[in-house]
Structure formats: structure tokens, C-alpha cells
**Q** 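Next up is a structure, given as C-alpha cells.
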Amino acid sequence: MKITLKDGSAKEYSEAKSVYEIAADISEGLARVACAGELDGEVVDLRTVIDKDCSLNIITASDPEGLQVIRHTASHILAEAVKRLFPEAKVTIGPAIDDGFYYDFDAQPFSREDLDQLEAEMKKIIKEGHEITRFTLPRAEAIKFMQERNEPYKVELIEDLPEDAEISFYDQGGFVDLCAGPHLMSTKGVKAYKLISSSMAYWRGDSEKARLQRIYGTAFNKKDDLKAHMEKLEDAKKRDHNKLGREMGLFTTVDVIGQGLPLFTPKGTKMIMKLQRWIEDLEDKEWGYQRTRTPLMAKSDLYKISGHWDHYKDGMFVLGDEEKDKEVFALRPMTCPFQYYVYKNEQHSYRDLPYRMSETSTLFRCEDSGEMHGLTRVRQFTITEAHNVIRPDQAEEEIRNCLHLTLHILRTLGLQDDVTFRLSKWDPKNKKKYLGDDEYWEKTQDALRQVLIEENLPFVEAEGEAAFYGPKIDTQAKNVYGKEDTMCTVQLDCAIAENFDMYYIDEKGEKIRPYIIHRTSLGCYERTLAWLIEHYAGKFPTWMCPEQVRVLPISEKYLDYANTVAEELKKHDVDVTVDNRSEKIGYKIREARLDKLPYMLVVGQQEEADKTVSVRSRFAGDEGVKPLGEFIDQICEEIRTKTIREEIKQEAQETK
């Protein structure tokens with residue numbers, strides 16, 4: 001057989017060889033660092049036996065796929081450590097993920113002390129250096145094997161596999177786990193690891209199923225790489241919006257009010273209002289939107305027409321009981337069915353389309369307690385939501401316009417480099433979840449795909465992420481810990497107009513069903529604020545700061561002039577305060593720096609006499625003495641143009 005290697009060279013063998021044996025034949029050094037093989041484009045175990053012509057690449061720890069194998073093996077070592085120290089724990093699943101691994105257990109919650117003990121036990125297991133071997137069993141024998149080991153979750157996983165499936169297991173010195181692999185050849189291959197945290201999770205991600213305990217960890221091939229990663233995590237903690245936003249006094253939460261229901265302080269509220277006013281003016285004055293205002297709740301009848309009652313009821317706050325109450329209401333999880341009736345309030349001709357309705361909508365979603373985090377996942381949120389009613393021939397151009405608006409907003413916020421794009425498609429294996437047939441979904445998905453290609457936007461495709469009525473272009477961003485969230489979305493819906501008997505009159509006087517684009521331009525204000533806090537580490541561009549200038553009188557004698565300066569700034573809509581405390585000027589400056597203010601204006605005898613201000617900025621330090629009018633012109637221009645100074649961009653990049 002002929003084995004073609006990555007560099008184009010070839011090896012020929014007269015008998016079958018494992019990937020590991022071929023690696024050793026190439027060089028002993030390569031075999032020592034080998035983690036897996038890439039066989040005809042598929043990542044396989046080193047134990048895989050090759051008996052025919054193929055292409056083969058030996059994967060090492062320097063390859064992303066090799067690092068995944070190290071982390072997957074580390075997750076099994078963790079599982080063995082848990083079973084040693086907590087024998088009653090039941091193992092479930094433990095995959096490698098982008099920045100490490102996790103393993104879920106049916107067990108009592110794990111403390112930090114427990115994690116430290118588990119790390120020490122993992123060290124023992126690694127030092128024991130057990131060879132990791134793979135074996136397979138028929139499905140029936142595999143079920144019996146795991147039943148005898150009293151591992152019900154593994155039994156359930158096996159039972160979900162086809163009758164004729166060959167079930168693979170990995171044995172590392174007596175600890176056996178159900179797994180498809182690949183894994184390292186020995187536990188000694190895991191050299192640098194750390195258990196990060198533990199949290200609650202649900203079996204198979206279903207809140208109706210068992211509550212589990214998830215342990216997160218990470219592993220690297222080198223201790224220096226692990227050290228660098230841990231330092232990065234420490235930096236991320238400093239930028240975590242849930243910590244930094246509270247420290248800056250932007251928001252808080254209170255147990256008696258409820259989880260996922262944040263309270264915004266005057267500072268946080270001011271930031272959101274600046275964003276909201278900007279978006280509303282932008283959409284209405286420059287992008288052709290009309291503003292609506294609709295109720296926060298509706299009868300269940302509305303959601304039954306839209307399909308949300310059947311497809312989304314579990315995610316809604318329902319008020320009442322259908323079996324007992326004459327009328328049942330629900331807080332709205334979206335605005336679309338309400339705006340459809342705004343459209344239906346008048347008859348529309350083909351000339352009226354696109355008909356763009358936008359609303360600053362407060363929405364409610366019954367998120368699971370284990371899913372909520374800070375401002376990124378909440379139960380009540382406000383969103384820049386719009387529904388564009390269009391003719392079918394306008395679909396491509398209108399999708400493009402919605403995407404252009406999103407990109408313009410991202411550029412203005414300085415966030416354009418933080419995002420990726422995803423074409424969210426239906427799951428053809430679960431058609432009951434969706435409206436429409438195969439042809440409908442292929443047609444609508446192709447339309448969105450074509451726009452992304454023509455706009456030259458790199459994107460990934462994801463099955464099962466579509467809305468039940470249509471596919472989406474999702475703008476994705478990661479938080480400081482690498483978790484990805486959807487920030488903005490453009491959805492094409494060619495089906496729902498039928499449910500609501502929506503139509504327009506065409507050139508021939510006939511009634512035609514329109515298409516609808518569901519879109520957000522900025523997205524959820526709460527999540528966007530979290531994103532901004534983390535991106536800028538709290539050092540925001542001047543225009544969005546809740547406090548843009550603080551006037552610092554050198555002593556109480558100059559307080560009147562300080563107030564005069566502040567009044568002049570307020571006349572020009574600058575957010576300004578005066579520090580009137582009886583503190584030394586050095587202390588006031590340090591406090592203002594800690595508060596991450598863009599500008600400080602120091603005033604004393606000379607400044608009062610000359611009608612000037614001594615300008616200090618977060619960007620350039622001491623900017624010297626300037627006439628008050630000149631400074632006002634400067635900051636007003638910076639706010640009006642929404643300028644992001646180069647120093648801010650650099651700061652944001654350095655904090656990452």
C-alpha cells in the first residue's frame with residue numbers, strides 16, 4: 001500500500017500499519033510528539049490501522065487538532081480522578097472545547113478545594129503512566145458493560161445508537177470510558193493542565209432533565225503555554241462586564257427582584273439612552289424606518305396565529321391557565337406579530353414597499369437560571385427590533401441594506417473587528433420545528449448565502465440555529481472568556497404573512513403575499529453594553545461616556561468658576577460634573593483617572609482670570625491650557641462625529 005504524506009512524499013508498505021507505526025517509521029521524534037493522524041482528511045486515532053492507499057498527515061501538539069486530543073485525554077483523566085475521590089459520582093460526557101475541556105458529573109457541587117484535590121489526583125494518574133487502549137463491543141454487550149458499572153448516563157447514550165453500531169471504549173489502567181476518541185497513547189502525554197471552575201449544567205442541555213455538575217479545565221503541551229493562558233484568563237476577569245460594570249456603578253442586581261433582571265444606575269441608564277437615541281435617529285432620519293409602539297403583552301390567540309405558542313411557549317412568561325381562565329396572556333418575547341397588525345391597519349400598494357417598522361422593544365424570555373450571566377443573558381431586555389415588509393423582488397436588496405446598517409453601527413462603535421458571521425439554517429432532520437418545506441428552506445438559505453458571498457463577508461453555516469419561520473444571518477461576538485453570543489441578526493421570512501393574511505396590491509390590482517425581514521440593527525442594549533464594557537475595559541469613547549468631563553477646582557475659592565465652566569458645557573449638551581470636595585487637587589485627579597473619565601478640567605486663579613481651562617485627558621495626559629471656547633468646540637466635535645481616538649483603539653487592543 002502507498003501512504004502519501006503531507007509534504008508530497010510517499011511511504012510504501014507490504015502489510016497493514018497503524019498510524020503510530022507509520023509515524024515511528026518516519027522518525028522516532030515524530031512518534032514521541034504525535035497525537036493523532038489525519039487520514040484522507042479525517043482526524044483518526046494513532047491506533048487506527050491502515051491497510052490501503054491513502055493520504056496521511058501526522059498531527060502533533062503544535063496543531064489545533066493535536067491540542068484537542070490532549071484536552072480530550074485530560075478530560076478522561078479528570079473523570080478517573082473524580083471516580084477515585086467521589087466514587088458515588090456518575091460520569092456523563094466530557095468533550096474538548098475551544099480553550100480546554102469540561103466533564104459533567106451527577107454529583108454534589110464541587111468547591112475550589114475539591115478542584116485542587118482533583119488536580120493532585122490527576123497528577124498521580126498521569127505519573128502512573130497508564131497505557132490508553134481502545135476496544136469495541138456490540139451494542140447489547142456495551143449496554144450490559146455500563147450497567148454493571150452502574151453508569152446510567154452512559155447506558156442512555158449507547159441506547160440512542162443504532163442496533164448495529166460498534167461501540168468504542170478507552171481503558172486507561174482500569175478506568176474505562178465510552179468514547180469515540182481519538183486519545184493519546186498514554187496518560188503521561190498530558191503535561192500541563194489546570195481545573196478552572198465548576199458550575200451547574202443540565203443533562204443534554206435540557207432543563208427538564210437531571211442537574212449535573214460541570215468542571216471546566218484546560219490543558220496544553222507546554223507549561224509556558226498554560227501559564228500564558230492563565231494570565232490571559234486573569235486579564236479577562238478584570239474586563240468581565242459582570243465585575244467591571246458593577247465596579248463602575250453602571251448596573252446591579254438584587255435577589256429579591258430576581259435573577260436576569262438587572263437594575264441600571266443613572267450612569268448605566270445614560271449610556272443606554274445615548275445608544276438608543278442615536279439608533280432611533282439613525283434609523284428614522286437616514287435609513288427610512290417608521291417607529292411603532294406596541295403592547296408588552298398579548299392574548300395567547302396572537303401567539304397561536306404567529307406559531308410562537310406551538311414553537312416557543314416554553315420560553316415565554318405565560319399569565320394565566322388555559323384550562324381555568326377565560327383569557328390567557330403572555331409577556332411578549334418578540335415584537336413581530338404586533339407590528340404585523342400595524343401594517344394591516346391600512347391597505348398597502350406595491351409602491352409602498354418596503355414598509356419598514358422599527359421599535360425600541362422591551363421583551364421577556366423565560367431563560368433558565370443556569371443560562372443567565374450578567375447582562376448577556378437576561379429575562380427582560382430591550383432591543384432595536386424592526387420588521388420590513390417587502391415585495392419578493394426586493395428581498396436581496398433589502399437584506400443587503402439591513403446588513404449595511406449593522407456594519408455601519410459596528411464601525412461607529414469600534415466593534416467591527418470583533419465579529420464573525422453565521423448563516424443559521426434549519427435542521428432538516430427535525431422538520432417539525434419549522435414552517436415550510438425543503439424547497440422553501442433551500443430557497444431562503446440560498447438568498448442569504450448569496451448576499452454574504454457578494455458582500456465578501458467570511459461566514460460559517462450552522463444547522464439548527466434558524467428561527468422556526470426562516471433562516472438568519474447572525475452577527476456573532478465572543479465575550480472575554482470566549483463564549484459566543486448573537487449580537488445582531490437579519491432573518492428572511494417568506495411564510496408568516498400567510499398566517500396573518502398580510503398582502504399588498506400589485507400593479508394588476510391583485511392581492512400578493514409579501515416577504516418579511518426580521519432584523520436588529522444594534523441588537524439587545526443590555527448585551528451591547530456588556531460587549532462595550534469588555535471591549536474597552538470600561539474606557540469608553542467620549543461620546544458614549546455617562547460622564548464626559550469633570551471640572552476640578554484647585555480650591556474652594558475657584559468653585560464659582562468651576563460651576564460657570566460646567567454650565568457652559570451643559571449648554572452644549574456635554575455631560576459634566578464638578579468635584580466640589582475639599583480635597584487636594586492631586587487626589588481629585590487620581591479619582592477621576594480611576595473613574596476612567598475622558599477629560600478633566602483643572603481650574604484655579606490663572607484659569608479664572610484668563611477664562612481658560614487646564615485640560616487633562618485619559619488619552620494624552622496633560623494637554624495644556626486652552627480657552628474654554630476652544631475646548632468646548634473640540635469636545636463637541638468629538639461627540640458629534642462619534643470619534644474614537646487612536647489612543648482608545650490602542651488601549652482596547654492592549655487590554656486584550
Side-chain angles (χ1 to χ4, degrees), residues 1-80 94-101 122-123 125-136 168-173 175-194 217-226 228-229:
M1 63 181 177
K2 182 179 178 181
I3 310 296
T4 304
L5 302 177
K6 186 179 181 181
D7 62 2
S9 63
K11 289 276 189 180
E12 294 192 12
Y13 301 98
S14 59
E15 58 185 14
K17 295 276 187 182
S18 70
V19 174
Y20 180 78
E21 288 171 331
I22 295 172
D25 187 48
I26 296 170
S27 82
E28 289 297 328
L30 180 61
R32 282 195 297 271
V33 297
C35 297
E38 186 179 13
L39 180 62
D40 290 335
E42 180 184 356
V43 177
V44 298
D45 201 283
L46 288 172
R47 303 158 189 81
T48 301
V49 175
I50 300 173
D51 58 5
K52 61 182 179 180
D53 293 353
C54 66
S55 63
L56 177 66
N57 174 36
I58 305 300
I59 293 171
T60 70
S62 60
D63 300 310
E65 298 89 347
L67 199 53
Q68 290 285 88
V69 174
I70 291 172
R71 289 168 174 170
H72 196 175
T73 304
S75 76
H76 278 225
I77 295 171
L78 166 62
E80 181 176 357
I97 53 178
D98 285 347
D99 58 353
F101 61 88
M122 289 174 71
K123 185 176 181 180
I125 295 168
I126 292 167
K127 190 174 181 180
E128 289 165 8
H130 297 294
E131 181 184 356
I132 301 175
T133 58
R134 181 180 183 272
F135 66 93
T136 62
S168 62
F169 296 85
Y170 281 82
D171 184 335
Q172 54 192 47
F175 174 76
V176 180
D177 204 351
L178 170 72
C179 188
H183 283 282
L184 299 176
M185 300 294 283
S186 163
T187 58
K188 280 188 175 179
V190 177
K191 299 171 183 175
Y193 62 93
K194 181 70 178 175
T218 192
F220 290 86
N221 189 46
K222 298 177 182 177
K223 290 183 179 180
D224 286 347
D225 292 341
L226 175 62
H229 179 76

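All figures in this text were calculated on a predicted structure; none of them were measured in a lab.
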**Q** Mind checking the CG-NE2 spacing from Asp177 to His183? Nearest 0.5 Å is all I need.
**A** 7.0 Å
**Q** So Met185 and Arg47, do their side chains get closer than 4.5 Å, heavy atoms only?
**A** yes
**Q** What is the minimum heavy-atom distance between Pro182 and Ala36, and which atoms define it?
**A** CG-CB, 4.4 Å
**Q** Considering residues at least two apart in sequence or located in another chain, which fulfil the side-chain hydrogen bond (donor to acceptor under 3.5 Å, both in side chains) criterion with Tyr170?
**A** Asp45
**Q** What's the separation between atom CD1 in Ile50 and atom CD1 in Ile22, rounded to the nearest 0.5 Å?
**A** 4.0 Å
**Q** Taking all non-hydrogen atoms of both residues, which atom of Gly37 and which atom of Val19 are closest, and how far apart?
**A** CA-CG1, 3.9 Å
**Q** Does any part of the side chain of Lys52, heavy atoms only, come nearer than 4.5 Å to the side chain of Met1, both counted from C-beta?
**A** no
**Q** For the atom pair CD (Glu38) and CD1 (Ile58), what is the distance rounded to the nearest 0.5 Å?
**A** 10.0 Å
**Q** Tell me the closest heavy-atom pair linking Ile70 and Phe220, and the distance in Å.
**A** CG2-O, 4.5 Å
**Q** Tell me whether Ser168 contacts the main-chain N or O of Cys179 through its side chain, where contact means a donor paired with an acceptor under 3.5 Å.
**A** yes
**Q** For residues Gln172 and His130, report the shortest heavy-atom separation together with the two atoms involved.
**A** C-CB, 3.8 Å
**Q** Do Ile125 and Phe175 come close enough that some side-chain heavy atom pair is under 4.5 Å?
**A** no
**Q** Of all heavy-atom pairs between Arg71 and Gly100, which one has the smallest distance, and what is that distance?
**A** CD-O, 3.5 Å
**Q** Are Leu226 and Lys191 packed together at the side-chain level, in the sense that at least one heavy-atom pair is separated by less than 4.5 angstrom?
**A** no
**Q** Counting only heavy atoms not in Lys11 (residues, nucleotides, ligands), do more than 12 fall under 6.0 Å from its NZ?
**A** yes
**Q** Do Val69 and Leu46 come close enough that some side-chain heavy atom pair is under 4.5 Å?
**A** no
**Q** Test Cys35 against every option in Val43, Thr73, Asn221, Leu184 by the side chain to side chain contact (heavy atoms under 4.5 Å, CB included) rule and name the one that passes.
**A** Leu184
**Q** Could you tell me the separation between the CG atom of Leu67 and the NE2 atom of His72, rounded to the nearest 0.5 Å?
**A** 13.5 Å
**Q** Please give me the minimum heavy-atom distance between Ala219 and Ala74, naming the atom from each residue.
**A** CB-CB, 4.0 Å
**Q** Using 0.5 Å steps for rounding, measure from the CG atom of Leu56 to the NZ atom of Lys6.
**A** 11.5 Å
**Q** Hey, does the side chain of Ser75 reach the backbone of Pro95 with a donor-acceptor pair shorter than 3.5 angstrom?
**A** no
**Q** Would you compute the distance between atom CG of Asp53 and atom CD of Glu12 and round it to the nearest 0.5 angstrom?
**A** 8.0 Å
**Q** Is Cys54 close to Thr4 at the side-chain level, that is, under 4.5 Å between some pair of heavy atoms?
**A** no
**Q** Take atom CG of Asp171 as the centre, draw a 6.0 Å sphere, and report whether it contains more than 12 heavy atoms from other residues, nucleotides or ligands.
**A** yes
**Q** With side chains defined as the heavy atoms from C-beta onward, is the minimum distance between Tyr193 and Leu78 less than 4.5 Å?
**A** no
